Protein chains: 2
Amino acid sequence: MEPLLLDRLLQIGDLFQKDMDRAFAGTGLTPARVHVLWALQHAGPSTQQALAGLCGVTPRNITALVDALEGTGHVRRTPHPTDRRAVLVELTPDAVATMTRMQQDHQELSASLLSAVAPEDRDAVERGVAAIAEHLAALVAQAGEAR
Amino acid sequence: MEPLLLDRLLQIGDLFQKDMDRAFAGTGLTPARVHVLWALQHAGPSTQQALAGLCGVTPRNITALVDALEGTGHVRRTPHPTDRRAVLVELTPDAVATMTRMQQDHQELSASLLSAVAPEDRDAVERGVAAIAEHLAALVAQAGEAR
DNA sequence: TATTGTTATACTCTATAACTATA
DNA sequence: TATAGTTATAGAGTATAACAATA
C-alpha cells in the first residue's frame, strides 16, 4: 500500500528535525535558539518584544532564549537608543559568520532535494509544494479564527 | 524572489505542528502522546520496550508518557502473560474510537492537500515528494553513520 | 494607563545513570 | 549476566501571572 501524501510530508518534517538536532549537538544551539538567530539575521537588531512576535513565542520565553544565546556568545544585548525600557538584541560577528554558513548549507540542501526528483517532474513539484503550503496555511488560519 | 523548495517544506512542517498543537488543546493529548497512541493502534498491545523502539525515545520517557496516558484514560497497563518483568500497554475502547476518528481526519486532510495541486501536476507531486523523502532519509542515515 | 522586560512557578519532553525484579 | 521497568536527577522549551521601570 502506498503511503499517503500527508504521511510523506510528515516524514520529511521528522527527518529535518532529526537532522537539525544532530547537526547542532555539542554547539550549544537548539532549534528554538537557531530560530531566534534566523530572525535576527533577517530583521537586524531587534527588541525582545519584536523577537517574540517573529518567533511566535511569549516574551518570557525570549528572555530565556536570549539569556542562553548571550551565554554562548551568539548575541549581545545593547541599550535601546530611545526607549530606556527596551533592549536591542544583535548577532555577534561570530554568529553572523555561523548564520552565513548555515544559509549556504540550507541552499545546498534545497538543491540536493530537488535533484532527487526526476527532471521532468521538478516544475510540477515546485508548483505543487507551494500550492500545498498555501492551502495548509489557509486551513490553519481558518481553524484559528473559529477558536 | 521565490522561496526555496526547502523553505516550503519547512513551512509545511511548522503548519502541521501548529495545527496539531491546537487540535489537541484541552484534550490532555500532546504530539508525543499521540505518537504513542498511533504506535499502539498499528502494532496492537505492546511492551514499553517495544514502544520505545517504535517511537524512537528512551524507555524512561515511555514510562512518563504511558503514566500520563493512563491518567487520562487513553491506555491500560496489563500484566504480560509470560514475562513477569514486562507489562503490556493497550488502548482503551475510548482511545480506539478517538484514533479511528483521527485516522479518518488524516486521510481527509491528505486528500484535501492533494486537491490543492493542479490536476495535471498531481502524479508528479506524489512521485517527487516520495523521492525527496527517500533521498532525505538516506542523507540523514549517512550523517548518522559518520557520527 | 500601557508597554518592556524580568522574577516566580509550573508542565511537558527529553536524556543518562542507578536500582529492583525477573529471565 | 542480561532485560523490563522504575526512581532520581537534569536540562530545554513552553506557558501564565505578578511586578518593576519606563513611556
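Computed from a prediction, not measured in an experiment: that's the story for all the values here.
Atom CG of A/D83 and atom P of C/dT3 are 12 Å apart (whole Å). Between B/R77 atom CZ and D/dG5 atom C1' the separation is 9 Å, expressed in whole Å. C/dT7 atom C1' lies 17 Å from atom CD1 of A/I62, rounded to whole Å. One atom, CG of B/D21, and another, C1' of C/dC11, lie 14 Å apart when rounded to the nearest Å. Atom CG in B/D14 sits roughly 11 Å away from atom P in D/dT14 (whole-Å rounding).
The stretch residues 36-53 of chain B comes close to DNA chain D through B/T47, B/Q48, B/Q49, each having a heavy atom under 4.0 Å from the strand. Applying a 4.0 Å cut-off to non-hydrogen atoms, none of the residues of residues 67-75 of chain B approaches DNA chain C.
At a threshold of 4.5 Å between non-hydrogen side-chain atoms, the residues A/H80 and A/R85 do not count as touching. Side-chain contact between B/V66 and B/R77: present, with at least one pair of heavy atoms (C-beta onward) separated by less than 4.5 Å. In this structure the side chain of B/T92 never reaches within 4.5 angstrom of the side chain of B/V75, judged on heavy atoms. Annotation: side chain of B/H135 is not in contact with side chain of A/V117 (no heavy-atom distance under 4.5 Å). Under the 4.5 Å side-chain criterion, counting only non-hydrogen atoms from C-beta, B/L6 is in contact with A/F16.
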So which protein nitrogen or oxygen atoms get under 3.5 Å of nucleotides 14-21 of chain C's nitrogens or oxygens?
| unit_1 | atom_1 | unit_2 | atom_2 | d |
| --- | --- | --- | --- | --- |
| C/dT14 | OP2 | B/N61 | ND2 | 3.4 |
| C/dT14 | O5' | B/N61 | ND2 | 3.1 |
| C/dA15 | OP2 | B/T58 | N | 3.1 |
| C/dA15 | OP2 | B/T58 | OG1 | 3.3 |

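For C/dT6, the OP1/OP2 oxygens have a side-chain nitrogen or oxygen of A/T63 closer than 4.0 Å. Between A/R84 and C/dG5 there is no side-chain N or O to OP1 or OP2 distance below 4.0 Å.
Looking at residues two or more places apart in sequence or on another chain, you find no side-chain hydrogen bond (donor to acceptor under 3.5 Å, both in side chains) involving B/R122. By the side-chain hydrogen bond (donor to acceptor under 3.5 Å, both in side chains) test, B/D19 is found to be paired with no residue, residues two or more places apart in sequence or in another chain being considered.
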B/L139/A/L15 under side-chain contact (heavy atoms from CB on, under 4.5 Å): CA gap, chis, key distance, verdict: CA-CA 9 Å; B/L139 287 180; A/L15 287 167; over 6 Å; no

Yes or no on side-chain contact (heavy atoms from CB on, under 4.5 Å) for A/L10 and B/H106, after CA distance, side-chain angles and deciding distance? CA-CA 11 Å; A/L10 290 171; B/H106 185 83; 3.7 Å; yes

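Taking the charged nitrogens against the carboxylate oxygens, A/E2 and A/R8 have no contact shorter than 4.0 Å, which rules out a salt bridge.
A chain of hydrophobic side-chain contacts below 4.5 Å, direct or via other Ile, Leu, Val, Met, Phe, Trp or Tyr residues, connects B/L9 to B/V140.
In the displayed structure, A/E120 atom CD is contacted under 6.0 Å by more than 12 heavy atoms of other residues, nucleotides or ligands.
In this structure a side-chain-to-backbone donor-acceptor pair under 3.5 Å is present from B/T72 to B/A68.
Along DNA chain D, the nucleotide nearest A/P31 and the nucleotide nearest A/T82 are compared for position; the residue whose nucleotide lies closer to the 5' end is A/P31.
Bending across the helix from C/dG5-D/dC19 to C/dA23-D/dT1, expressed as the angle between its end axes from five pairs apiece, amounts to 0° (10° rounding).
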